[in-house]
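Nothing here was measured: the structure is a model prediction, and the numbers come from that model. Read the numbers this way: they start at 1 and go in the same order the structure lists the ligands and their atoms.
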Amino acid sequence: MSETVDLVISGGTVVSPDASYPASVAIKNGLIHAVGAPEAMPPSREILDATGLHILPGAIDVHVHFRDPGYPQKEDFASGTAAAAFGGVTTVFDMPNTLPTVGTPEALADKHRIAAGKAYVDYGLYAVLGEDSIQHVGALIDGGIIGFKLYMGNTFGRIPSPSTGAMLEAFEVVAPTGKRISLHAETNSIMERREQRLRAAGRTEAIAHLDARPAVVAIEAVARAAILSEWTGARIHVLHISSAAELRPLAEAKARGVDITGETCPHYLLLSEKDYQKFGGVIRVNPPVRETANQLPLWTALLDGTIDIIATDHAPHAPDEKTRADIWTVDCGFSGVETQMPLMLTEVDRGRATIQDYVRWSAEKPAKIWGLYPRKGTLTVGSDADIAIVDLNREWTIDDAQIQSRSKISPWHGRQATALPIHTIVRGRFVMKHRTLQENARGSGRSVHAIQTMPPAAPRNTATTMAAITAPRAGAVR
Ligand code: DOR
Ligand code: ZN
């Protein structure tokens with residue numbers, strides 16, 4: 001008689017990065033206990049009938065803004081992680097442009113307290129890497145972070161972008177820690193100058209935002225960051241790749257052996273310049289949604305691995321913050337954590353990619369890139385039971401009024417989808433069941449920093465770092 005488990009999900013189709021196959025999943029003590037034939041499952045306290053549904057590793061969205069503390073009218077950690085739960089997302093990495101900015105150990109400790117009390121899903125916290133926080137790198141790591149975020153350009157929160165000199169020093173300091181630095185790769189001086197000229201010329205309509213930030217803003221930033229990464233050995237991740245032209249510096253850096261990874265977001269794959277007229281300020285996001293010709297190369301780059309993952313840049317704002325007449329006063333970004341999986345699986349249904357590709361981009365690779373694999377990102381015996389159970393034959397229409405996020409305005413409103421997460425499980429516990437939030441799961445999410453294992457660090461050019469050149473040299477005269 002085999003031991004009793006907590007939950008068996010039976011009758012569904014398990015999806016892994018290699019294959020889809022009919023199988024049941026047994027869960028015990030929050031871990032995957034068995035994956036196999038229904039008749040091989042041990043006795044269970046609970047059985048979930050997943051007939052007709054697909055069982056996916058829960059998505060890991062490495063790029064969300066949950067606004068807590070600071071902007072409760074936009075989102076908080078409870079509403080943001082509830083949105084994640086409804087989107088089949090079982091782990092999120094939250095960005096540091098909250099109030100106060102997460103750039104000190106104190107602000108980090110505060111956010112940990114907030115998140116621990118409210119989270120429905122697991123999370124990692126980013127700390128900002130800027131001129132003022134280089135000195136805190138060690139203490140921030142000790143305080144529990146998933147990685148660093150560096151703003152090469154301004155966006156919501158107006159976190160100052162470090163000079164290239166400060167960026168080099170920051171990379172030197174982070175390189176030996178092995179942590180990955182995620183980059184908002186848009187060069188500030190280019191876009192600020194253009195925005196000033198556009199404003200002076202009286203341009204206030206939505207598309208002026210794209211004119212302020214042509215692709216060169218991002219290309220220049222990606223190339224420069226890759227050079228600094230190559231020099232220092234610091235690991236980097238390029239957030240929200242929006243243009244075809246960024247792919248060249250990314251691919252070239254990868255070919256040189258730079259530890260660089262990249263993400264794109266559904267809005268760069270599915271929206272284009274043509275949508276500015278329709279959505280006005282609602283579509284304003286940094287980097288901007290671009291010309292249609294960028295879409296196909298971004299898809300191709302995902303398929304060939306140049307771009308590693310899908311994330312959302314979930315950037316909730318209140319409706320009045322998104323609908324101002326003058327584009328320069330409209331807050332940038334929109335929600336996405338809840339709609340990413342339905343939108344992407346709808347594209348899978350249309351034949352743009354396979355469902356194997358999708359779980360690689362949404363779960364397996366994010367887990368590998370941030371040292372969480374195989375605890376997260378896979379449905380393997382011994383892994384955390386983080387699971388999205390999805391109906392791939394559900395036709396529905398995205399309705400901003402129905403979403404969990406506090407931000408009830410997005411360019412996804414009215415869009416048709418053919419997939420819907422029905423249940424979401426985090427470490428064996430239902431956080432969303434039959435499309436209903438499991439209120440008792442509030443506060444059950446945990447920070448994943450404790451289970452992170454990055455590969456050994458590989459710092460380079462260590463003899464020329466700022467620390468090395470300023471250290472007293474024993475009697476040396478050069
Ligand atoms: O449009 C954006 N909004 N892009 C970002 O990088 C930040 C985000 C926000 O925090 O609102
Ligand atoms: Zn962002």
Note to self: Aromatic contact between W370 and F93, with the criterion being ring centroids under 6.0 Å apart: yes or no?
What the structure shows: yes

Check: Quick one: do the Q340 and T312 side chains pair a donor with an acceptor below 3.5 Å?
Finding: no

Notebook entry, point to check: Any nitrogen or oxygen of C332, main chain or side chain, under 3.5 Å from a nitrogen or oxygen of ligand 1?
Noted result: yes

Note to self: Could you identify the N, O or S atom of D313 positioned closest to the Zn ion (ligand 2)?
What the structure shows: OD1

Checklist line | With T261, the side chain to side chain contact (heavy atoms under 4.5 Å, CB included) member among R235, K368, R180, K365 | finding: R180

Checklist line | Donor + acceptor pair across side chains of E338, S405 (<3.5 Å) | finding: no

Checklist line | Shortest protein contact, atom 11 (O) of ligand 1 (heavy atom only) | finding: R67 NH2, 2.8 Å

Note to self: Can you name the atoms of ligand 1, numbered from 1 with element, that are less than 4.0 Å from a heavy atom of F156?
What the structure shows: 9 (C), 10 (O), 11 (O)

Notebook entry, point to check: Just distances here: any N/O of N97 and N/O of ligand 1 closer than 3.5 Å?
Noted result: yes

Next item on the list: Taking the six-membered ring of F156 (Phe, Tyr or Trp), confirm whether the NZ or CZ of R67 is under 6.0 Å from its centre and within 45° of its axis.
Entry: yes

Item checked: Under 3.5 Å: donor-acceptor pair, side chain of R224, backbone of I219 -> no

Checklist line | Considering all heavy atoms, the nearest F86-L437 contact | finding: CZ-N, 3.5 Å

Checklist line | Proximal ligand 1 atoms for H317, defined as those under 4.0 Å from one of its heavy atoms | finding: 11 (O)

Item checked: H184 and H240 aromatic ring geometry - parallel, tilted or perpendicular at 30°/60° bounds -> perpendicular

Next item on the list: State the atom name: nearest N, O or S atom of H63 to the Zn ion (ligand 2).
Entry: NE2

Margin query: Looking only at protein heavy atoms, which one is nearest to atom 1 (O) of ligand 1, and what is the separation?
Written below: N286 N, 2.8 Å

Note to self: Using a 3.5 Å cut-off on N or O atoms only, is R284 in polar contact with ligand 1?
What the structure shows: no

Margin query: I'd like to know: is the Zn ion (ligand 2) within the 2.8 Å range of an N/O/S atom from H184, strictly under that distance?
Written below: no

Check: Between the side chains of E263 and H63, is a donor N or O closer than 3.5 angstrom to an acceptor N or O?
Finding: yes

Checklist line | Numbered atoms of ligand 1 (with element) below 4.0 Å of A315, judged on heavy atoms | finding: 3 (N), 8 (C), 9 (C), 11 (O)

Note to self: I need the single residue from H267, H65, H317 that forms a ring-ring contact (aromatic ring centres under 6.0 Å, His included) with F334. Which is it?
What the structure shows: H267

Checklist line | H240 neighbourhood, listing ligand 1 atoms whose heavy-atom distance to it stays under 4.0 Å | finding: 6 (O)

Notebook entry, point to check: Counting only heavy atoms, which portion of D313 has something under 4.0 Å from ligand 1: side chain, backbone, both, or neither?
Noted result: side chain

Checklist line | M95 contact mode with ligand 1 (heavy-atom cut-off under 4.0 Å) | finding: neither

Item checked: Location of contacts on T155 toward ligand 1, heavy atoms closer than 4.0 Å -> side chain

